[in-house]
J.: 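Sending over a structure as structure tokens; questions will come in a sec.
Below, all heavy atoms of this structure are taken into account, side chains as well, without hydrogens, waters or symmetry copies.
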Amino acid sequence: MAVKLLIVEDENVLRENLCELLTMEGYEVKSAINGQEALKLLGNFSPDLILCDIKMPDMDGYEICRRMKDDPTFRATVERLQRLLETQG
């Protein structure tokens, strides 16, 4: 089973290149152009890793993380990411 990634990046060329490269490497990749789109995608997609730009208009990467942490809808994703960080640290 492929590792699932979510790319959140407002620059089209960078987002598209990352998606193409990671897909070619065998990852299952979904992408979002902004925070709102990312949160919407996370309602149906539970990634193993989220690669998120920090500086974006409207909602920065920190705000996406805060909203994920505070919303029970994303609890499973947040807990899985926290466990991964704990085992790596």
Side-chain angles (χ1 to χ4, degrees):
M1 176 161 38
V3 173
K4 297 185 285 186
L5 305 176
L6 174 60
I7 310 292
V8 187
E9 172 59 61
D10 60 323
E11 293 185 32
N12 290 332
V13 172
L14 180 55
R15 185 182 64 256
E16 291 167 4
N17 286 342
L18 277 171
C19 289
E20 183 179 342
L21 176 67
L22 292 167
T23 299
M24 288 177 11
E25 291 296 323
Y27 295 98
E28 179 182 344
V29 181
K30 295 204 183 257
S31 67
I33 194 167
N34 58 41
Q36 287 297 97
E37 188 175 321
L39 294 174
K40 184 177 177 182
L41 273 173
L42 287 168
N44 305 333
F45 181 68
S46 185
D48 297 303
L49 180 67
I50 300 170
L51 300 174
C52 184
D53 187 4
I54 297 298
K55 293 184 179 183
M56 295 184 290
D58 300 324
M59 184 187 308
D60 65 22
Y62 296 117
E63 182 62 22
I64 294 169
C65 291
R66 277 192 287 278
R67 290 191 188 190
M68 285 181 64
K69 184 178 175 190
D70 293 340
D71 189 331
T73 306
F74 310 124
R75 183 155 296 142
T77 299
V78 171
E79 289 173 357
R80 188 169 61 249
L81 293 172
Q82 286 175 334
R83 280 193 306 273
L84 178 65
L85 290 173
E86 289 168 2
T87 60
Q88 300 298 315

J.: Looking at every heavy atom in both Cys19 and Ser31, which two are closest together, and how far apart are they?
T.: SG-CB, 3.5 Å
J.: Determine, using the 4.5 Å side-chain heavy-atom cutoff (strictly less than), whether Leu51 and Tyr62 are members of one ILVMFWY cluster.
T.: no
J.: Which atom pairs, one a donor and one an acceptor, fall under 3.5 Å between side chains of residues 33-42 and the rest of the protein, sequence neighbours left out?
T.:
| residue | atom | partner | partner atom | Å |
| --- | --- | --- | --- | --- |
| Asn34 | OD1 | Gln36 | N | 3.2 |
| Asn34 | OD1 | Glu37 | N | 2.8 |
| Gln36 | OE1 | Arg67 | NH1 | 3.2 |

J.: Counting only heavy atoms not in Asp58, do more than 12 fall under 6.0 Å of its CG?
T.: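 Result for CG/Asp58: open.
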J.: Nearest 0.5 Å, please: how far is CG in Asp10 from CG in Asp60?
T.: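 Here the rounded value is 11.0 Å.
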J.: Nearest 0.5 Å, what's the CG-NZ distance between Asp71 and Lys69?
T.: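 Separation between the atoms: 13.5 Å.
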J.: Are the side chain of Glu11 and the backbone N or O of Val13 linked by a donor-acceptor pair below 3.5 Å?
T.: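 Not confirmed, Glu11 side chain does not pair with Val13 backbone.
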J.: With a 3.5 Å distance limit and no angle check, can you tell me whether Lys4 reaches the backbone of Val29 through a side-chain donor-acceptor pair?
T.: no
J.: Could you tell me whether a side-chain N or O of Asp53 sits under 3.5 Å from a main-chain N or O of Val8, the two making a donor and an acceptor?
T.: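 Absent.
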J.: Is any side-chain heavy atom of Ile64 closer than 4.5 Å to one of Ile50?
T.: no
J.: Please check if Ile54 and Met68 belong to a single hydrophobic cluster, counting links between Ile, Leu, Val, Met, Phe, Trp and Tyr side chain heavy atoms closer than 4.5 Å.
T.: no
J.: Quick one: closest heavy-atom pair of Ala32 and Leu6, and the distance?
T.: N-CD1, 4.3 Å
J.: Which atom pair, heavy atoms only, marks the closest approach of Phe45 to Leu5?
T.: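 Closest approach of Phe45 to Leu5, heavy atoms only: CE2-O, 3.5 Å.
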J.: Are Leu49 and Leu18 connected in the hydrophobic side-chain network, where two residues link if heavy atoms are under 4.5 Å apart?
T.: yes
